[in-house]
Amino acid sequence: MPSSTSNFKRKLRLPRLFFAKPSEIVPRDYERPIPQVPWRGMTVVVVLVVIAAASAWEFYCRSIGYGPTLNDNEDLWTSTRRCVKPESIVIVGDSRGWYDVDLDELQKGLGKRPVQLAMGGGCAYPVLADLANDESFHGTIICSVVPRLFVAPPGTPPMERAEKAVHRYRTQTPAQRASQYLAMPLEEHVAFLKQEELALDDLLKRLPIPNRPYAQVPPRLPPYFGTIDRERRARMIEECARPGSELARTIQQIWIPLFTPPPPPTYIPKEEFGKKMGQAIEQRFHDVAELVQKVRARGGKIIFVRFPHSGGLKDLEDRTTPRAGIWARVIKDTAAPGIYYEDFPELSGFNCPEWSHLSAGDSVEFSKRLVPHLRRALQM
Amino acid sequence: MLFNSLTFVVFFAVVVTAYWSVRSWNVRKNLLVVASYIFYGAWNPPFAALLFSTTAMDFWLGSRIARAKGRHSRRMWLVASVCMNLSMLGFFKYGNFLLQNFQWLLAHIGIIYQPPHLDILLPVGISFYTFHSLSYTLDIYRGVLRPTKSLRDFILAVSFFPQLVAGPIVRAGDFLPQLVTPPGLRMGQFLWGLLLMTLGLFEKIVLADTMLSGSADRVFSYAGPLVAPDSWLGVMAFAGQIFFDFAGYSICAIGAALCLGFHLKDNFRFPYAAIGFSDFWRRWHISLSTFLRDYLYIPLGGNQVRPVRAAINLVIVMFLGGLWHGAAWTFVVWGLLHGSYLVIERVIRVFFEDAPWAKNFATKFLAGLATYTAVCIAWVFFRASDFTIATRMLRSMFGGHAHGDAILSGREMLQIGIVTACMILVHCSLRESNIETAVTRLPPWVVTAAWALMACAIILTQGNSNAFIYFQF
C-alpha cells in the first residue's frame with residue numbers, strides 16, 4: 001500500500017518526468033527534399049516586388065478617390081456591441097440609421113453617447129432580438145426603418161448580414177478579437193484595404209463578362225461612398241456628397257434594382273410564394289411587438305425612425321412600401337413612438353445626394369434637429 | 001487561430017524569432033509546447049484542457065502497454081486507449097447524431113422518445129488530434145515504436161501547432177524521432193518553408209475562397225432546380241474548393257513546420273490526376289488513408305483474405321472514413337460510394353488489367369476522366385447538407401430539370417472553368433513528380449515571379465476569407 005511519503009515522491013517526480021530527455025525513440029530518416037535554387041536572391045526580389053506592387057496599388061487607389069477607412073465587418077460590429085451598457089442608447093437597423101446620425105450631436109442632446117449598431121443593408125430584427133434577450137439591457141433603442149429591409153425574411157441577405165454579426169458577437173474567439181485589433185491600425189492607414197470594394201473578389205466582379213440572358217444573377221451592390229471610424233460612425237465621402245457627381249449618379253442607378261421587389265422564384269407557384277411571404281411578414285410584426293414588450297418590461301425604451309430618402313428611390317419606396325403599410329403596422333403593433341421625417345418640415349428639407357443617405361455635413365444638422373423630437377417621444 | 005489571419009502572422013513571426021534565438025533544445029521545445037497551446041486556446045481556451053487530458057492519458061497508457069507482460073494485458077491497455085479516444089470523439093462529435101438516430105429507431109418500433117438536445121460545442125480539430133494521439137498507443141502495441149519518457153515531447157508531438165487542427169495526421173512515430181536532436185537553421189529550408197506557406201495560403205485564400213467557394217455555396221444553397229451546366233459547375237467548383245482548401249492547409253502546415261526545422265510528409269499528391277480510385281486514395285488525404293489502411297484495413301485482414309471479405313473490408317473502412325468526416329448520413333453515403341468505387345475497380349482490374357488496350361493513353365485518359373467524374377458525383381453527398389439537396393443536385397446534373405434555373409454569372413462560370421482546367425493540367429503534368437522537383441527544374445525567375453504573384457494576390461484578397469473546411473471535422 002503506498003504511503004503518503006510515496007505519493008509525495010510521485011508528485012515530485014512529475015516535473016522530472018515532464019522534462020526527461022527521450023532516450024528510447026528509434027530515429028527514423030525522413031527529410032523533405034529542399035529544392036536547390038538561389039533562395040536568398042529570390043527572396044530579396046520577391047520582397048521588393050511585393051513592396052513595390054503594394055505601394056503602387058495604394059498610390060493608384062488613393063489617386064482615384066479611395067481613402068483609408070475601417071472595414072465594417074462582424075468583428076468591428078462585435079467590438080462596438082461590447083460597448084453596450086445596461087442603460088446605453090443604441091442605434092439599430094439599416095444604413096440610413098448608420099449614415100444619417102451624428103453621435104456627437106446625439107450625445108449633446110440626449111446626454112449619453114449612443115452606440116452605433118446599425119449596419120449597411122442589414123435587417124434590424126436580429127439585433128433587436130439580441131438586445132431584447134439581453135436581460136441586463138434596459139436602455140434606449142433608436143431603430144431605423146427601411147420597410148423592405150425591416151421585414152426581410154430569414155435566409156435573405158439583410159437577415160443573414162445581421163445574424164452573422166450577432167453570431168460573431170456571441171462566438172468571437174480570442175484569435176478573431178486579436179485579429180481585429182491588429183487590423184484596425186492597418187485599415188486606418190492603408191486605402192486599398194477595403195474588403196467589400198477592392199478585394200480581389202470585388203475586382204473580378206467588375207470585369208465586363210456578359211451573363212446568359214436568362215441567368216438569375218444578384219444585383220450589383222453600390223461602390224465605396226463612406227468612411228467608418230472605430231465607433232462605427234459612417235460618413236459619406238465628399239466625392240459622393242458633391243451634387244451631380246458621377247459617383248452619386250452611379251449609386252442612384254444601383255439602388256433602383258436593389259430596392260425593386262425581385263420576381264418570385266420559378267420553383268414555387270406565385271400564389272403560394274405570396275402567401276408564404278405574407279405569413280413571414282406577419283410573423284415579423286408579431287415577433288417585433290413581442291421584443292418591444294420585452295425591452296419595455298425591463299424599463300427600456302424604443303423608438304422607430306424613418307430617415308430621409310429622395311429622388312427616384314423615394315418614388316420607388318413610396319410605391320412598393322407605402323407608409324400606410326409596414327411603417328404604420330409596426331407603430332400600431334408595438335405601440336412605440338415613431339418619427340417619420342416627412343411629418344416635420346425641419347427634418348424633411350434634406351436632399352440625399354445618392355437618394356438614400358445624407359451627406360456627412362447634413363447628417364450633423366439632421367441629428368441636431370432630430371434630438372428635440374427624440375427627447376419628446378422618449379420623454380427624456 | 002487561422003493560418004489566414006493577421007493574428008497568426010504576428011504569432012508565427014514571434015514564435016519563429018524566439019525559437020531560433022534560443023540555443024537550448026529543451027527551451028525551444030518548451031516554447032513550441034506553449035506556442036501550440038496558445039494557438040489552440042485562441043479558439044476556445046477550455047478545450048486546451050481537453051487536448052491536454054487526452055494527450056496525458058495516452059502517454060500514460062502508452063507506457064502501460066510497453067510495460068505489460070502478457071499479450072492479454074497489452075491488449076487491455078490498448079483497448080483502454082482506443083475506448084478513451086473514441087469515446088471523447090464520440091461524445092463531442094457524434095453525441096447528438098447518435099441520439100437523433102436512437103430516437104428515429106425507437107419511433108419506428110412505436111416508442112416515442114424525446115431525447116434532450118445536447119448543446120455540445122465541437123472542439124476544433126478533435127478528429128485530427130485524437131488520431132495523432134491514438135497513433136502513439138497503436139504503434140507501441142504493434143511494436144513499431146518505443147514509448148517516449150518525456151511527457152513534454154509527447155505533448156509537442158500531439159499538439160505541434162502547424163498540424164494540430166486540420167492535419168496532416170502526423171503519427172507520433174514520425175514526429176518523436178525529430179525531437180531527439182535539435183535541427184539547425186538552414187536558410188534554404190527556412191525560405192522553402194515560407195514559399196510553401198505562401199503557396200498554401202494562395203490555394204486557400206485566392207483559389208478556394210475567392211475563385212470557387214461563392215459559386216459552390218450558391219449552387220448548393222439554391223432551393224430550386226437548376227439547369228445541368230450550373231449544377232455540374234457548382235459541383236466542380238466544390239471539388240476544386242475542397243482540394244485547395246485542404247491541400248492549402250496541409251501545405252501551410254508543412255511549410256510552417258519546415259520553418260521550425262521539422263519535416264512533415266505530403267498529405268496530397270495531385271489527386272485529380274488519379275487513374276482509378278485506389279490511385280485517388282493514394283493521393284488524397286494520404287495521412288488519413290494510410291492511417292485507416294495501417295490501423296483498420298490491415299488488421300481486418302487487408303488483401304490477405306478471400307476477395308469477398310477483402311471487398312467488405314474496403315467498404316467498412318470507407319464507411320468509417322466517411323463517418324470520420326462528419327456526424328451525418330450524407331458523409332456515410334460519401335464514404336460508401338468511395339467504398340463501392342474501390343470494389344468495382346478491383347473487379348475491373350481482375351478482368352482487364354492485363355489487356356493490352358488497358359495500358360494505352362486513350363484508356364488511361366478515359367479512366368482518369370471517369371475517376372474525376374465519379375469523385376465529383378460523390379462530392380455531392382459530401383457538400384449537401386441533406387439528402388433532399390443531394391438528390392435535387394444529382395437530378396439537375398443528369399438533366400432531370402430541363403427547365404431549371406440558371407444562377408451562375410458569366411464571370412463565375414469562367415472562373416470555375418479556368419481554375420478547374422488549370423488545376424487538372426497541373427495535376428496531370430506533375431502526376432509522377434513532386435513540387436520540389438518542379439521548382440528545381442523551373443528557371444529561378446519563373447519561381448520568383450510565381451512566388452511574388454501569389455503573395456500579391458494574397459494581399460489583394462485582404463484576408464477576406466473563411467475558416468478552413470476541414471476545421472469542422
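Only heavy atoms go into these numbers, but all of them, side chains included; no hydrogens, no water, no symmetry mates. Computed from a predicted model, the values in this text were never measured in an experiment. Chain letters run A, B, ... following the sequence lines, proteins first, then strands; residues in each count from 1.
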Below 4.5 Å, heavy-atom pairs only: which of [options] has the largest tally toward chain A?
{"options": "B:D405, B:I435, B:I407", "result": "B:D405"}
{"options": "B:A452, B:C456, B:G404", "result": "B:A452"}
{"options": "B:L453, B:I254, B:V227", "result": "B:I254"}
{"options": "B:G41, B:A457, B:A223, B:G193", "result": "B:A223"}
{"options": "B:T181, B:L408, B:N44, B:V9", "result": "B:L408"}
{"options": "B:D230, B:L195, B:V447", "result": "B:D230"}

Evaluation steps, salt bridge (Lys or Arg N to Asp or Glu O under 4.0 Å), between B:K265 and A:E31: CA-CA 9 Å; B:K265 289 178 182 171; A:E31 230 178 78; over 6 Å; no

So for [X], is it side chain, backbone, both, or neither that comes closer than 4.5 Å to the heavy atoms of chain A?
{"X": "B:A449", "value": "neither"}
{"X": "B:L194", "value": "neither"}
{"X": "B:I38", "value": "neither"}
{"X": "B:L414", "value": "side chain"}
{"X": "B:Y222", "value": "side chain"}
{"X": "B:D266", "value": "both"}
{"X": "B:L442", "value": "neither"}
{"X": "B:E412", "value": "neither"}
{"X": "B:R441", "value": "neither"}
{"X": "B:V10", "value": "side chain"}

Picking from [options], which has the most non-hydrogen pairs under 4.5 angstrom with chain B?
{"options": "A:Q36, A:Q180, A:K194, A:Q176", "answer": "A:K194"}
{"options": "A:T173, A:L207, A:L186, A:V45", "answer": "A:T173"}
{"options": "A:L193, A:N73, A:N71, A:V217", "answer": "A:L193"}
{"options": "A:V47, A:L200, A:L48", "answer": "A:L200"}

For chain B, which residues of residues 50-58 of chain A have at least one non-hydrogen atom nearer than 4.5 Å to it?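 Checking residues 50-58 of chain A against chain B gives A:V50, A:A53, A:W57.
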
Neighbours of chain B found in residues 265-279 of chain A - heavy atoms under 4.5 Å: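 Within residues 265-279 of chain A, near chain B: A:T266, A:Y267.
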
Distance (rounded to the nearest 0.5 Å) between A:F192 CZ and B:L460 CG: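 Rounded to the nearest 0.5 Å, the CZ-CG separation comes to 7.5 Å.
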
Could you tell me the separation between the CZ atom of B:F190 and the CD1 atom of A:I34, rounded to the nearest 0.5 Å?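 It comes to 12.5 Å.
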
Residue A:L198 versus chain B: region with a heavy atom under 4.5 Å: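 For A:L198, heavy atoms of backbone and side chain both lie under 4.5 Å from chain B.
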
Which answer fits A:R177, side chain, backbone, both or neither, if we ask what part of it has an atom under 4.5 Å from a heavy atom of chain B?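 The answer is neither part of A:R177.
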
Counting N and O atoms only, with roles assigned by atom type, does the side chain of [X] sit under 3.5 Å from a partner on the main chain of [Y], one being a donor and the other an acceptor?
{"X": "B:E436", "Y": "A:P35", "value": "no"}
{"X": "A:N211", "Y": "B:S409", "value": "no"}
{"X": "B:S5", "Y": "A:S179", "value": "no"}
{"X": "B:T210", "Y": "A:D201", "value": "no"}

Can you tell me how the ring of B:W451 sits relative to the ring of A:W39, calling it parallel under 30°, perpendicular over 60° and tilted otherwise?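 Rings of B:W451 and A:W39: perpendicular, as their planes differ by over 60°.
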
Can you give me the closest heavy-atom contact between B:H263 and A:R32, atom names plus distance?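 Distance-wise, the nearest heavy atoms are ND1-N, 2.8 Å.
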
Please give me the minimum heavy-atom distance between A:A175 and B:M1, naming the atom from each residue.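 It is CB-CA, 3.9 Å.
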
Within a radius of less than 6.0 Å around CZ of A:R206, do more than 12 heavy atoms belonging to other residues, nucleotides or ligands occur?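 Counting neighbours around CZ of A:R206, more than 12 heavy atoms of other residues, nucleotides or ligands fall under 6.0 Å, so yes.
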
Would you say CZ of A:R220 has more than 12 non-hydrogen atoms from neighbouring residues, nucleotides or ligands within 6.0 angstrom?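 No - once you tally the heavy atoms of other residues, nucleotides and ligands closer than 6.0 Å, there are 12 at most.
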
